[in-house]
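This report refers to the structure that appears directly beneath it.
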Amino acid sequence: MIVEVPEAEPQVGDLRLQHDWSAARGVPAHITILFPFADGAEVDEAALADLFSRFPAFDFVLDRVERFEEGVVWLHPNPSRQFADLTAAVFQRWPHLPPYEGAHDEPIPHLTVSDTPIDVSFQLPIASRAHEVTLIEENETTGMWSRRAAFPLG
């Protein structure tokens, strides 16, 4: 589950295609809400729609470039609390599906630009609005990702 950030594509799209595995597989610029999620047959779209409708849409900006220790380059959303709240709500509803399979104590909302260390320069801030959460799924044959459903925020 992701919040798409189309406003960032003009600046990050080409870099992501070169340096982020997910872009090459069809995933748009985004901020992850929960990954991985349930297998396709187990997804309760009605429950997801109900859950996300309880959260208001919100404005945010991508305000700075950051790096994780392993070199991943990412953009910081400000405010980021609403993204963390969406993640927490999904995890609370489906506690057997922890974000990033429990690899991080507290996931950090971010928009990945590169999986490897690179030098970047962007015109920041990039203003955006989170108005829906998109459920994407992987085609097991091709490895490509596509939109399955979108759930409007209230």
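One-based numbering along the sequence shown.
- Contact check for P109 versus R81: no side-chain heavy atoms found under the 4.5 Å cut-off.
- Here the shortest heavy-atom pairing between A57 and L153 reads N-CB, 3.7 Å.
- Between D85 atom CG and R54 atom CZ the span is 14.0 Å, to the nearest 0.5 Å.
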Step by step, would you call L15 with F122 a side chain to side chain contact (heavy atoms under 4.5 Å, CB included)? CA-CA 11 Å; L15 280 172; F122 299 111; 3.8 Å; yes

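- A distance-only check finds no donor-acceptor pair linking the side chain of N78 to the backbone of L62 [under 3.5 Å].
- Salt bridge annotation for R147-E137: absent, with no cationic side-chain nitrogen under 4.0 angstrom from a carboxylate oxygen.
- Residue F68 is found in a hydrophobic cluster whose other members, listed by chain and number, are V72, W74, I108; membership requires side-chain heavy atoms under 4.5 Å apart, directly or through intermediates.
- Counting all heavy atoms, side chain and backbone alike, V90 lies closest to M1 at CG1-CE, 3.5 Å.
- To the nearest 0.5 Å, atom CD of residue Q11 and atom CG of residue L111 are 11.0 Å apart.
- A 4.5 Å side-chain heavy-atom check between Q82 and P56 finds every atom pair outside the cut-off.
- No path of Ile, Leu, Val, Met, Phe, Trp and Tyr side chains, each step under 4.5 Å between heavy atoms, connects F91 with V43, placing them in separate hydrophobic clusters.
- Side-chain contact between F151 and S53 is absent, with no heavy atoms from C-beta onward closer than 4.5 Å.
- Annotation: side chain of V113 is in contact with side chain of L75 (closest heavy-atom distance under 4.5 Å).
- With hydrogens and angles ignored, the 3.5 Å screen pairs no side-chain donor or acceptor of E4 with any backbone N or O of T134.
- Between the side chain of T87 and the backbone N or O of I33, at least one donor-acceptor pair lies under 3.5 Å.
- Looking only at side-chain heavy atoms (C-beta outward), L34 and I2 stay at 4.5 Å or farther from each other.
- R93 places no side-chain N or O within 3.5 Å of a backbone atom of A88 that could act as its donor or acceptor partner.
- In this structure a side-chain-to-backbone donor-acceptor pair under 3.5 Å is missing from H131 to R129.
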Tell me, with the steps shown, if L124 and D63 meet side chain to side chain contact (heavy atoms under 4.5 Å, CB included). CA-CA 6 Å; L124 300 176; D63 63 355; 6.0 Å; no

Apply side chain to side chain contact (heavy atoms under 4.5 Å, CB included) to residues F52 and L86 and explain how you reach the verdict. CA-CA 8 Å; F52 292 126; L86 290 167; 3.9 Å; yes

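- In this structure, V61 and A127 approach most closely via the heavy-atom pair CG1-CA, 3.9 Å.
- Within the 4.5 Å cutoff, the side chain of I31 has heavy atoms near those of the F60 side chain.
- Of all the heavy atoms in R16 and A29, the pair that sits closest is NH1-N, 3.1 Å.
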Before giving the answer on side chain to side chain contact (heavy atoms under 4.5 Å, CB included), spell out for D20 and S114 the whole-Å C-alpha distance, their side-chain angles and the decisive distance to 0.1 Å. CA-CA 5 Å; D20 178 6; S114 174; 6.0 Å; no

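- The nearest pair of heavy atoms linking S22 to H30 is OG-CE1, 4.1 Å.
- Here the straight-line distance linking atom CG of L17 with atom CZ of R25 works out to 12.5 Å at 0.5 Å rounding.
- Salt bridge annotation for R148-E45: present, with a cationic side-chain nitrogen under 4.0 angstrom from a carboxylate oxygen.
- A heavy-atom distance below 4.5 Å is not found between the side chains of D50 and L48.
- With ring centers used as reference points, F83 lies under 6.0 Å from F58.
- Taking all atoms of both residues into account, the shortest heavy-atom contact from N139 to T142 is OD1-N, 3.0 Å.
- Put simply, the side chain of V3 does not reach to within 4.5 Å of the side chain of E132, judged on heavy atoms.
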